[in-house]
Q: 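Once you've had a glance at the structure underneath, I'll fire off some questions.
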Amino acid sequence: MTEDNKTNGDKHSVKLAQQHLANERTYLAWIRTAIAIMGIGFLVTNLHFTFDVEGIQQVDYVINFVGIASIITGIIILIFSTKDYFNKMTQIEQGIFIPSKVSIYILTAFIFVILFVFSFYFIFVMVL
């Protein structure tokens, strides 16, 4: 192996390492997001039942839905991010890139649903 080929191989190896590290950082960011969404669901549910806001049955149902939806969304984010991490790892090794549009659309839809329900809850509590 000549010195030129060795240098090019080292550069390629460093580039692959950088891409793998970036993939890991992205994965960890998704994990933090999932934990935050689940934590917000627990927090809102806990605060609602601790302070017993108005004691209206419909509000209790809504807040239970928010808590359960937050946990389910967090779990779905964990599943999608883990799947995407391993897909990207394989793509990096193969030297290809295929963007993951579907998982982004699905996760965005789940987050919008939770935000809508949060908004509905806060408006409903403020009005009453």
Side-chain angles (χ1 to χ4, degrees):
M1 180 180 265
T2 65
E3 193 63 36
D4 252 358
N5 288 343
K6 187 177 179 184
T7 304
N8 286 340
D10 289 344
K11 286 180 184 178
H12 180 69
S13 176
V14 169
K15 200 169 213 172
L16 279 179
Q18 289 174 342
Q19 290 176 354
H20 282 293
L21 291 172
N23 188 29
E24 287 179 15
R25 285 191 302 272
T26 303
Y27 177 65
L28 292 174
W30 278 111
I31 297 299
R32 284 190 305 269
T33 302
I35 291 169
I37 288 173
M38 288 188 279
I40 288 171
F42 280 120
L43 177 69
V44 170
T45 304
N46 191 17
L47 287 176
H48 172 76
F49 289 111
T50 299
F51 294 117
D52 196 27
V53 178
E54 299 292 320
I56 300 172
Q57 190 71 23
Q58 291 84 1
V59 175
D60 291 345
Y61 290 138
V62 168
I63 203 62
N64 282 331
F65 175 78
V66 167
I68 292 169
S70 294
I71 292 169
I72 290 171
T73 300
I75 291 169
I76 289 171
I77 289 172
L78 288 172
I79 291 168
F80 273 108
S81 63
T82 302
K83 178 184 161 292
D84 193 50
Y85 170 76
F86 286 111
N87 286 343
K88 294 286 186 245
M89 187 171 59
T90 303
Q91 291 173 9
I92 290 169
E93 291 298 322
Q94 294 173 352
I96 59 173
F97 176 74
I98 302 169
S100 52
K101 294 178 187 176
V102 174
S103 61
I104 298 298
Y105 290 143
I106 291 171
L107 294 175
T108 302
F110 273 108
I111 291 172
F112 271 123
V113 167
I114 289 177
L115 287 175
F116 176 75
V117 174
F118 272 135
S119 301
F120 176 75
Y121 169 72
F122 287 118
I123 291 171
F124 192 70
V125 168
M126 294 295 192
V127 170
L128 298 175

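Residue numbers run from 1 in the order of the sequence given. Remember, it's a predicted structure, so these values are computed and weren't measured experimentally.
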Q: Linking I/L/V/M/F/W/Y whenever their side-chain heavy atoms sit closer than 4.5 Å, directly or via other members, would Y27 and L107 fall into one cluster?
A: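 Different clusters: Y27 never reaches L107 through Ile, Leu, Val, Met, Phe, Trp or Tyr contacts under 4.5 Å.
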
Q: Are L115 and I68 connected into the same hydrophobic cluster when the rule is that any two of I, L, V, M, F, W, Y join if their side-chain heavy atoms are below 4.5 Å apart?
A: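 Same hydrophobic cluster.
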
Q: Would you say I75 and V113 are hydrophobically clustered, going by side-chain heavy atoms of ILVMFWY under 4.5 Å?
A: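 The answer is no; the residues belong to distinct hydrophobic clusters.
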
Q: Under a single-linkage definition using a 4.5 Å side-chain heavy-atom cutoff for Ile, Leu, Val, Met, Phe, Trp and Tyr, are W30 and L21 assigned to the same hydrophobic cluster?
A: no

Q: Quick one: pull up CD1 in I92 and CG in N87 and give me the separation to the nearest 0.5 Å.
A: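 Answer for the CD1-CG pair, I92 versus N87, is 11.0 Å.
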
Q: Side-chain polar contacts of residues 32-40 - donor-acceptor pairs under 3.5 angstrom, sequence neighbours left out - could you list them?
A:
residue: T33; atom: OG1; partner: A29; partner atom: O; Å: 2.9

Q: Drop me the distance from I98's CD1 to T90's OG1, to the nearest 0.5 angstrom.
A: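 It is 10.5 Å, given to the nearest 0.5 Å.
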
Q: Donor-acceptor pair, K88 side chain versus P99 backbone, under 3.5 Å?
A: no

Q: Could you tell me the separation between the CD1 atom of I77 and the CD1 atom of I111, rounded to the nearest 0.5 Å?
A: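 Separation between the atoms: 4.5 Å.
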
Q: Just wondering, are more than 12 heavy atoms of other shown residues or ligands nearer than 6.0 Å to CZ in F65?
A: no

Q: Group every Ile, Leu, Val, Met, Phe, Trp and Tyr by side-chain heavy-atom contacts under 4.5 Å, then state whether I72 and I106 land in the same group.
A: yes

Q: Specify the closest pair of heavy atoms between I63 and T45, including all atoms of both residues, with the distance to one decimal.
A: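 For I63 versus T45, the nearest heavy atoms are O-OG1, 3.6 Å.
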
Q: Just to verify, what does F110 make a ring-ring contact (aromatic ring centres under 6.0 Å, His included) with, not counting sequence neighbours?
A: none

Q: Kindly state each residue pair satisfying side-chain hydrogen bond (donor to acceptor under 3.5 Å, both in side chains) with at least one member in residues 14-26, sequence neighbours excluded.
A: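 Sorted result for residues 14-26: H20-E93.
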
